[in-house]
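One structure is given below, encoded as structure tokens.
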Amino acid sequence: MKTSLPATLPSHVAIVMDGNGRWAQKRLLPRLAGHRKGVEALRRCVSHCAERGVQILTVFAFSSENWSRPPEEVSGLMGLMASVLGKEAANLQRNGVRLHCVGDTSRLDADIRERLAQAERQTAANDRLVLNICFNYGGRWDIAQAAERLRLQGETITEASLGQAMALAHGPDPDLLIRTGGELRISNFLLWQAAYAELYFSDVLWPDFDAADLDAALDDYARRQRRFGKTGEQVRPGPARQEETHPPKEKNGC
Ligand code: IPE
Ligand code: IPE
Ligand code: MG
């Protein structure tokens, strides 16, 4: 994984890829056509993140709550996931992308579970970009499963132990959380990990989200001041801090 990132580039970007259904409905197409277009947008986004030097991309593909959709949409999404995994694994491999599936896989068909495991195995040695696909994922599920895991192991629940038991413990928390599709909500995504993420909302429907839209989000992030509870003065490189690093030269002779 690259180590020398510009300070203003997020190393971990998370995205709620929303708006597929509306994209299709605007064109009088079935909602699944929007989900298919959404896969193309994801492919573009993965390759642009890798080019820009983002290290981790975490995307919300199917939420714990999406089971409540009409059965034909749910089965369409399951079929799409299965076929995308079959087709894209080699592509990810070529591009140096390591895939992780994040979520409760126990409710998924054995076929999808096997394809996910296979894609994870196939890409396990890649280190250009980590792609976390959150599928049958919910932030509440993640917190509950982490707590249950600690309980079964007889471990004390602390912020640190809970964080380590979470589904995304293999990487740092997201720096930038983007939601497309115009809605201003989190919808049960990364409830724990997004504690200090910078939020960015775009009206663009996910299938239309392109490299320029991602660049706009990254540029916006670069202008943010991340304070993590401190004051602006504490984190801003001001004269005091500059003096610490470059003490004034002693004047000679007067
Ligand atoms: C997001 O797009 C993809 C999934 C939730 C699977 P939507 O399907 O929610 O699209 P809209 O919000 O209905 O337009
Ligand atoms: C969030 O989008 C889930 C995914 C993008 C996978 P939703 O479309 O399901 O969210 P709500 O229902 O509008 O909050
Ligand atoms: Mg939606």
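On a predicted model such as this, the values are computed, not experimentally measured, just so you know. Every number for a ligand or one of its atoms is a count from 1 in the order of the listing. Count residues from 1 along the sequence.
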- Determine, stepwise, if the pair Arg179 / Asp18 fulfils salt bridge (Lys or Arg N to Asp or Glu O under 4.0 Å). CA-CA 7 Å; Arg179 181 172 186 143; Asp18 195 25; 2.9 Å; yes
- Would you check whether Ser63 has a nitrogen or oxygen atom less than 3.5 angstrom from a nitrogen or oxygen atom of ligand 2?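 No: no nitrogen or oxygen of Ser63 is under 3.5 Å from one in ligand 2.
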- Minimum-distance pair of heavy atoms, taken over all atoms of Phe189 and Val59: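 Closest approach of Phe189 to Val59: CZ-C, 4.2 Å.
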- Message: Please find the pair of heavy atoms, one from Gln93 and one from Gln122, that lie closest to each other, and give the distance.
- Response: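 Answer, listing the atom of Gln93 first, then Gln122: OE1-O, 2.8 Å.
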- Query: Are Arg27 and Trp23 in a cation-pi contact, defined as NZ or CZ under 6.0 Å from the six-membered ring centre and within 45° of the axis?
  - Reply: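 Checked: cation-pi criterion met.
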In the protein, which heavy atom is nearest to [atom], and how far is it?
{"atom": "atom 10 (O) of ligand 1", "value": "Gly21 N, 2.9 Å"}
{"atom": "atom 7 (P) of ligand 2", "value": "Arg69 NH2, 3.8 Å"}
{"atom": "atom 9 (O) of ligand 2", "value": "Asn66 ND2, 2.9 Å"}
{"atom": "atom 14 (O) of ligand 2", "value": "Ser187 OG, 2.6 Å"}

- Query: Is the number of heavy atoms from other residues, nucleotides or ligands within 6.0 Å of CD (Glu40) greater than 12?
  - Reply: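 Yes, enclosed.
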- If you measure every N/O of Arg22 against every N/O of ligand 1, is any gap under 3.5 Å?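 Between Arg22 and ligand 1 (N or O atoms, distance only) the closest approach is under 3.5 Å.
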Under 4.0 Å between a Lys/Arg side-chain N and an Asp/Glu carboxylate O for [X] and [Y]?
{"X": "Arg52", "Y": "Asp215", "answer": "yes"}
{"X": "Glu114", "Y": "Arg121", "answer": "yes"}
{"X": "Glu120", "Y": "Arg115", "answer": "no"}
{"X": "Arg223", "Y": "Asp219", "answer": "no"}
{"X": "Asp220", "Y": "Arg224", "answer": "yes"}

- Can you name the N, O or S atom of Asp18 that is closest to the Mg ion (ligand 3)?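 Going by distance to the Mg ion (ligand 3), the closest N, O or S atom in Asp18 is OD1.
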Find all atoms of ligand 2 within a distance of less than 4.0 Å from any non-hydrogen atom belonging to [X], and give their numbers and elements.
{"X": "Phe62", "result": "6 (C)"}
{"X": "Val16", "result": "1 (C), 5 (C)"}
{"X": "Arg185", "result": "11 (P), 13 (O), 14 (O)"}

- Query: Looking at atom 12 (O) of ligand 2, is any protein heavy atom nearer than 4.0 Å to it?
  - Reply: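 It does not: no protein heavy atom is found less than 4.0 Å away from atom 12 (O) of ligand 2.
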- At a non-hydrogen distance cut-off of under 4.0 Å, which region of Cys134 contacts ligand 2 (side chain, backbone, both, or neither)?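 Neither; no heavy atom under 4.0 Å.
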- Item | Within reach of ligand 2, part of Arg179 (heavy-atom separation under 4.0 Å) |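 It is the side chain that touches ligand 2; the backbone stays farther off.
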- Query: What do we get for Met17 next to ligand 1 when only non-hydrogen atoms under 4.0 Å count, side chain, backbone, both or neither?
  - Reply: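 For Met17, only backbone atoms sit under 4.0 Å from ligand 1.
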- Message: I need the contact type for Gln25 against ligand 1. Using non-hydrogen atoms and a strict under-4.0 Å cut-off, is it side chain, backbone, both or neither?
- Response: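 Gln25 to ligand 1: no contact under 4.0 Å from either part.
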- Do Thr123 and Asn126 get their side chains close enough for a donor-acceptor pair, meaning under 3.5 Å?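 On atom types as modelled, these side chains do not qualify, holding no pair under 3.5 Å.
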- Task: Pull out every atom of ligand 1 sitting under 4.0 Å from any heavy atom of His35, numbered as shown with elements.
- Result: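 That gives atoms 3 (C), 6 (C), 8 (O) of ligand 1.
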- Message: Less than 4.0 Å is my threshold; does some heavy atom of Ala61 fall inside it relative to ligand 1?
- Response: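 The answer is yes, since Ala61 has a heavy atom less than 4.0 Å from ligand 1.
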- Query: Any non-hydrogen atom of Gly19 lying under 4.0 Å from ligand 1?
  - Reply: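 Yes; Gly19 lies near enough to ligand 1 that a heavy-atom distance drops under 4.0 Å.
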